[in-house]
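Each chain gets a letter, A, B and so on, in the order its sequence line appears, and its residues count up from 1.
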Amino acid sequence: MSLVFGQVEPAVFQAYAFWAAVLGLKMLLMSVLTGLQRGSKKVFSNPEDVKPGGKIAYDDPDVERVRRAHRNDMENILPYFIIGFLYMFTSPTVTVAVNLYRLVAVVRITHTVFHALVPVAKFRGLSWATGFFTTAFMAVRIVLHFL
Amino acid sequence: MSLVFGQVEPAVFQAYAFWAAVLGLKMLLMSVLTGLQRGSKKVFSNPEDVKPGGKIAYDDPDVERVRRAHRNDMENILPYFIIGFLYMFTSPTVTVAVNLYRLVAVVRITHTVFHALVPVAKFRGLSWATGFFTTAFMAVRIVLHFL
Amino acid sequence: MSLVFGQVEPAVFQAYAFWAAVLGLKMLLMSVLTGLQRGSKKVFSNPEDVKPGGKIAYDDPDVERVRRAHRNDMENILPYFIIGFLYMFTSPTVTVAVNLYRLVAVVRITHTVFHALVPVAKFRGLSWATGFFTTAFMAVRIVLHFL
């Protein structure tokens, strides 16, 4: 066991756990955002949910924008959860690891801001790319470490 | 290491692993449910899949209902997998942790029942909210613990 | 702790981590594939992204095919990440575990090839089913182990 779980630095684990939980909460908020948009636009996806004056629709631009941001989270944050976890086992420098975890959390939050709240393609793209390449970097490190 | 992986109570780990695997199996079943609906409605998503008498469509209400339930699982169960795992490291009371794991598994199963099998908006909403707030509670506990 | 994290064989952990990172990289590539298709077909999903000569559309067959393959990854690989991880704790035979991890990685790569690059329904179905039943097998083993 000392060869596996014994290698993880407590400070790295702490940073991973903290920022993963922050990102988890951020993802949960996407469902709330979708619900708020559905309520204000009176647009629903299940017949049994339709409120008086509401309708079924799958093309409301505001609802679908939040749903695209949510799907982008699933595409990026969910693989990151495992890759970020396994990255702990590659004996990274504590400072590097802690700051990469911070970075991913920050850019995934700014991604949501610039996609679903204040759409700015340039900043959204930059946020996405930063999270994407940081996650890819971690994954490559894992592959090389456990080759 | 004793500061990290040594803190986890075996009884808590056991409950997490058992119920996470149950939820994993439940999620896998959603693909089977989608396949059954596609077969019975003869509605497919790829041209190369279309059986004689079938067609390509993305708006069949029965197929799309199962797909919405499946996406809801991805939005809720997948972040829960990591949050529930990290929650083990916050030194929760064994009874509390074990029962929260049970609760999330049960309400995510009833969510599927009341969304995809016997649509009842009220019970589906209650199931979703219970899983949502339990996961959020765990995430907040992780954030506070590793602050 | 020795009852929990001490049971994991280093060789099993190594294989899991290596192949999970490979699959993580493969999933990240799906976003790149989608971006390439959007660029070549000039079809975008956000109004602020539309390039000159481009348009908003959600029904381009080439873009949507990649997106379906990506969603299939989320439905299958993301639950597998946790199930494959917990499977390590069921004291599997090293050779069996290592080869199951390899198998899932290989068939999820061939699934993408036969869905998004060279569509062949038969091989895509076989790849999907192999990954599906391997993941289900692991989940059943976890359920039985931690019953």
Side-chain angles (χ1 to χ4, degrees), chain A residues 1-35 44-51 56-59 66-67 69-71 73-75 77-86 88-89 98 101 105, chain B residues 1-8 13 58-59 61-62 64-90 114-116 118-125 128-129 131-147:
Chain A
M1 175 188 51
S2 61
L3 290 171
V4 179
F5 290 96
Q7 293 172 347
V8 174
E9 276 282 344
V12 172
F13 186 87
Q14 180 182 341
Y16 169 76
F18 177 81
W19 291 109
V22 167
L23 277 181
L25 284 169
K26 192 219 80 64
M27 277 194 77
L28 290 179
L29 276 179
M30 301 311 283
S31 303
V32 177
L33 265 185
T34 305
F44 303 92
S45 60
N46 296 291
E48 70 268 28
D49 300 345
V50 178
K51 303 272 189 307
I56 297 281
Y58 305 106
D59 60 356
V66 176
R67 283 169 50 81
H70 200 168
R71 173 161 169 161
D73 276 357
M74 294 197 284
E75 291 173 356
I77 296 178
L78 295 174
Y80 162 77
F81 277 154
I82 284 292
I83 290 169
F85 178 77
L86 294 173
M88 292 197 291
F89 296 85
V98 169
Y101 291 142
Chain B
M1 175 188 50
S2 60
L3 291 170
V4 179
F5 291 96
Q7 293 172 347
V8 174
F13 186 87
Y58 304 106
D59 60 357
D62 297 322
E64 296 308 314
R65 175 178 287 278
V66 176
R67 282 169 50 81
R68 284 196 300 277
H70 200 169
R71 173 162 168 161
N72 195 279
D73 276 357
M74 294 197 283
E75 292 173 354
N76 289 277
I77 296 177
L78 295 175
Y80 161 77
F81 278 155
I82 284 293
I83 290 169
F85 179 77
L86 294 174
Y87 177 65
M88 293 196 291
F89 295 86
T90 63
F114 293 122
H115 196 178
V118 190
V120 183
K122 191 182 172 183
F123 296 151
R124 189 194 89 214
W128 173 82
F132 182 88
F133 287 111
T134 307
T135 308
F137 167 78
M138 290 180 179
V140 169
R141 294 278 298 166
I142 298 162
V143 165
L144 296 177
H145 187 85
F146 290 106
L147 202 62

Item to complete: With the side chain counted from C-beta on, respond yes when A/L78 and B/P79 share a heavy-atom pair under 4.5 Å apart, and no when they do not.
Response: yes
If one checks every heavy atom of B/T135 against chain A at 4.5 Å, the contacting part turns out to be both
B/L147 and A/Q14 have their tightest heavy-atom pair at O-NE2, 4.0 Å
Exercise. Do A/S45 and B/R65 have side-chain heavy atoms sitting under 4.5 Å apart?
Worked result: no
When the 4.5 angstrom heavy-atom criterion is applied to B/R141 and chain A, the contacting part is neither
Under 3.5 Å, which donor-acceptor pairs link side chains of residues 20-33 of chain A to any protein atom two or more places apart or in another chain?
{"unit_1": "A/K26", "atom_1": "NZ", "unit_2": "A/D73", "atom_2": "OD2", "d": "2.6"}
{"unit_1": "A/K26", "atom_1": "NZ", "unit_2": "A/T112", "atom_2": "OG1", "d": "2.7"}

Comparing B/L144, B/V143, B/I83, B/D59 against chain A, the one with the most heavy-atom pairs below 4.5 Å turns out to be B/V143
Is any side-chain heavy atom of B/V120 less than 4.5 Å from a side-chain heavy atom of A/E48? no
Max heavy-atom pairs within cutoff under 4.5 Å with chain A, candidates B/A121, B/G125, B/P61, goes to B/A121
With side-chain contact (heavy atoms from CB on, under 4.5 Å) as the test, would you mind laying out the steps for B/V4 and A/F5 before giving the verdict?
CA-CA 9 Å; B/V4 179; A/F5 290 96; over 6 Å; no
Here the gap from B/K122 atom NZ to A/D49 atom CG, rounded to the nearest 0.5 Å, amounts to 14.5 Å
* To do: Quick one: sort the A/F85 and B/F85 rings into parallel, tilted or perpendicular, breaks at 30° and 60°.
  => perpendicular
Honestly, the part of B/F89 sitting under 4.5 Å from a heavy atom of chain A is side chain
message = Within the structure provided, determine whether A/M74 and B/R71 are in side-chain contact (heavy-atom separation under 4.5 Å).
response = yes
Taken to the nearest 0.5 Å, the spacing of A/F18 CZ from B/L86 CG works out to 12.5 Å
If one checks every heavy atom of A/F13 against chain B at 4.5 Å, the contacting part turns out to be side chain
